[in-house]
Amino acid sequence: MERKHKRFGLLEVLFVLTLVACSTVLAVGQESRATYGDLLREANSQTEALKVNEAIYQATGFGNTFMVVTPGGNVIIDTSSVTNAVRHKQLLSKVSDGPIRYIVLTHGHGDHIGGIGQWKQTDTKIVAQRHFIEFRDYQRRLAGYFARSNAGQFGRDIGNVNVLARTPARGIELPLIEPDILFDEEHAFELGGIRFELLHTPGENYEELTVWIPQYKAAFVGDNIYESFPNIYTLRGTKPRWALDYVASLDKVLSLEPEILLPSHGLPTHGKDKVAARLKRYRDAIQYVHDATVAGMNEGKDVFTLMREIKLPADLELGEGYGQVSWSVRGIYEGYVGWFDQNPASMYEQAPTAANEELVKLGGGANAVVDRARAVLKAGQAAMTLRLCDAALAADPNHRAALELQREALTQLQSRARNIIEHGWLASSLQRVEKRLQAIRD
């Protein structure tokens, strides 16, 4: 029975907003090795679906949509975002307008589920890994938190979230996603003589799955590989993404000996040797960062020291246009042992910044701290400048010079940012600083 459509909840609104915003922010990261800006431009100019082989076709976007054509009907693997879905449907329907028998979701992120409403037919079965439901409910449970963090991550002013959340009045709708088939570790089905094998391969998400088509030696791996070091931790907030899950999942795909690798972001890789080399390099980079973090923990090093020290060797360098090694180091560290850093001060309810106001007084007041912050910025330490400005503003929230210097430091950091998530948070912070300065001027 066809499922009824429901209007966007707050979570779904932010899915749309973040993906729209992402198109702007991604272009900034085009100078990094993760050429997402180029990918988006190519996708927006795509006039026909990419033919991968005689049965597999790809519509390209920030999230790809795949169609597998069989004599018994078609299978859609991932459905991209709301903003790409209509165009993807048009491109792939030109290839085949046969019935859609299955929609397989590699995981529940918005840039993979946003187009379900375009593809779902009366008899279509939606297939997902069993943790899909828990992940969906987890995001709904924390909808208010994710509304703010998603807005910040993709360059939106967090202060305007309540205004943006009124988007449902515009009539945008998405289906409530209730998979027809949920599986644990493995599931298989046949359609038109083609066998589809689904494997639980946790990585970027704990319900991540891989679609394996033995006849074509093709592996659809979702977000477990893309053209950047992965987001083992993402700044918008996430449950732990276990590095060793990534490694085990990539090993599982390697054991299949695929000849076509189809990630949900970017273009396919063809050829058994090339696919194996790409998978092994990605796996080994994750393993390296994990092992270096664990070794440092056992040596008694704190998380910030390890964030500064751990770098990938040249032969494992993947670029950091989306994920970033230092964030992943902290994600691994705190994923293992949690938030307590063995400092007794951390046991109590005072925030780490609680002493800022008192220290500013000892330092001669907010003006003196801002003067020092200005010298620090001139010396090229923009991140330290932000810390000093935060301290000055703790003592005097309306200190105009502190806000102006904070804006200058954020702008410098933004000009150097080649990671789209870093760029997004800096853009969001700049908007908040500008609002505070405007309020002072008014």
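Atoms considered below: every heavy atom in the structure, side chains included; atoms not considered: hydrogens, waters and symmetry mates.
Checked against side-chain contact (heavy atoms from CB on, under 4.5 Å), Ser326 has the following partners two or more places apart in sequence or in another chain: Met307, Gln324. Every residue two or more places apart in sequence or in another chain was checked for a salt bridge (Lys or Arg N to Asp or Glu O under 4.0 Å) with Glu48, and none qualifies. Remark: Lys280 pairs with no residue by the salt bridge (Lys or Arg N to Asp or Glu O under 4.0 Å) rule, at least two apart or across chains. Residues satisfying the salt bridge (Lys or Arg N to Asp or Glu O under 4.0 Å) test with Arg407, not counting sequence neighbours, are Glu434. Legend: residues meeting salt bridge (Lys or Arg N to Asp or Glu O under 4.0 Å) with Arg308, ordered by chain and number and at least two apart, are absent. For Tyr233, there are no ring pair (Phe, Tyr, Trp, His ring centres under 6.0 Å) partners at least two apart in sequence or on another chain. For the side-chain hydrogen bond (donor to acceptor under 3.5 Å, both in side chains) test, no residue two or more places apart in sequence or in another chain qualifies with Tyr145.
A ring-centre distance under 6.0 Å is found for Phe146 and Tyr138.
With salt bridges taken as basic N to acidic carboxylate O contacts below 4.0 Å, none links Glu422 and Arg416. Ionic pairing of Arg278 and Glu227 is present here: one or more N-O contacts between side-chain nitrogen and carboxylate oxygen are shorter than 4.0 angstrom. Ionic pairing of Glu207 and Arg136 is not present here: no N-O contact between side-chain nitrogen and carboxylate oxygen is shorter than 4.0 angstrom.
Separation of atoms CG (Asp123) and CZ (Arg101) is listed at 6.5 Å; rounding is to 0.5 Å. Atoms CD1 and CD1, from Ile177 and Ile116 in turn, are 3.5 Å apart once rounded to the nearest 0.5 Å. In this structure, Tyr288 OH and Leu316 CG are separated by 8.0 Å, a value rounded to the nearest 0.5 Å. In this structure, Leu261 CG and Leu254 CG are separated by 9.0 Å, a value rounded to the nearest 0.5 Å. Rounding to the nearest 0.5 angstrom, the gap separating the OG1 atom in Thr234 from the CD1 atom in Ile421 is 4.0 Å. The CZ atom of Phe196 lies 13.0 Å from the CH2 atom of Trp212; values are rounded to the nearest 0.5 Å.
Taking a 6.0 Å sphere around OH of Tyr348, one finds it holds 12 or fewer heavy atoms contributed by other residues, nucleotides or ligands. Counting non-hydrogen atoms of neighbouring residues, nucleotides and ligands closer than 6.0 angstrom, the CD atom of Gln350 exceeds 12 such neighbours. Atom CG of Asp97 has 12 or fewer heavy atoms from other residues, nucleotides or ligands within 6.0 Å.
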### Task
Begin from the C-alpha positions of Tyr336 and His290 and carry the test ring pair (Phe, Tyr, Trp, His ring centres under 6.0 Å) through to its verdict.
CA-CA 11 Å; Tyr336 270 123; His290 169 272; 5.7 Å; yes

### Task
Evaluate side-chain hydrogen bond (donor to acceptor under 3.5 Å, both in side chains) for Asn74 paired with Ser96, printing each intermediate quantity in order.
CA-CA 8 Å; Asn74 300 330; Ser96 171; 2.9 Å; yes

#### Entry: Worked check of side-chain contact (heavy atoms from CB on, under 4.5 Å) between Trp339 and Glu334
CA-CA 6 Å; Trp339 56 265; Glu334 295 186 356; 5.5 Å; no

#### Entry: Pair Gln139-Leu142, side-chain contact (heavy atoms from CB on, under 4.5 Å): steps then yes or no
CA-CA 5 Å; Gln139 293 205 96; Leu142 293 174; over 6 Å; no

### Message
Walk me through whether Tyr246 and Asn224 qualify under side-chain contact (heavy atoms from CB on, under 4.5 Å).
### Response
CA-CA 7 Å; Tyr246 272 97; Asn224 278 352; 4.2 Å; yes

### Message
One pair to check against side-chain contact (heavy atoms from CB on, under 4.5 Å): Ile286 and Ile232. What are the steps and the verdict?
### Response
CA-CA 9 Å; Ile286 295 169; Ile232 293 177; 3.9 Å; yes

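Checked by atom type, the side-chain pair Gln129/Tyr206 shows no donor-acceptor distance below 3.5 Å.
Between Gly63 and His88 the shortest heavy-atom distance is O-CE1, 3.3 Å. Contact detail for Leu312 and Val289: the closest heavy-atom pair is CD2-CG2, 3.7 Å. Contact record, Ala218 with Leu262: CB-CD1, 3.9 Å, taken as the closest heavy-atom pair. Across all their heavy atoms, Pro179 and Phe132 have their closest contact at CG-CD2, 3.7 Å. Summarising the geometry of Leu279 relative to Pro258, their closest heavy-atom pair is CD1-CG, 4.3 Å, with the distance given to 0.1 Å. The heavy-atom pair separating Leu199 from Leu256 by the smallest distance is CD1-CD1, 3.9 Å.
Between His107 and the choices Asp223, Thr201, Asp78, the side-chain hydrogen bond (donor to acceptor under 3.5 Å, both in side chains) rule is met once, by Asp223. Applying the side chain to side chain contact (heavy atoms under 4.5 Å, CB included) test between Gln381 and each of Leu386, Leu388, Val376 identifies Val376 as the sole match.
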Which side-chain N or O atoms in residues 185-193 pair as donor and acceptor under 3.5 Å with protein atoms at least two apart or in another chain?
{"from": "Glu185", "atom 1": "OE2", "to": "His200", "atom 2": "ND1", "distance (Å)": "3.1"}

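Thr70 contributes a side-chain N or O that, together with a main-chain N or O of Gly73, makes up a donor-acceptor pair within less than 3.5 Å. Of the possible polar contacts, none joining the Thr269 side chain to the Val275 backbone as a donor-acceptor pair under 3.5 Å is found. Proximity of a side-chain donor or acceptor of Arg148 to a complementary backbone N or O of Gly144 within less than 3.5 Å is detected. Although no hydrogens or angles enter the test, the distance criterion places a donor-acceptor pair under 3.5 Å between the side chain of Lys89 and the main chain of Gln118.
Every pair passing ring-ring contact (aromatic ring centres under 6.0 Å, His included) that includes a residue from residues 65-86 is listed here, sequence neighbours excluded: Phe66-Phe220. For residues 284-303, the pairs satisfying salt bridge (Lys or Arg N to Asp or Glu O under 4.0 Å) are Glu299-Lys301, Lys301-Glu309, with sequence neighbours left out. The stretch residues 263-272 participates, sequence neighbours left out, in these salt bridge (Lys or Arg N to Asp or Glu O under 4.0 Å) pairs: Glu257-Lys272. Listed by first and then second residue, the salt bridge (Lys or Arg N to Asp or Glu O under 4.0 Å) pairs that reach into residues 244-256 are Asp251-Arg283, sequence neighbours excluded.
Counting heavy atoms from C-beta on, the side chains of Arg241 and Glu204 come closer than 4.5 Å.
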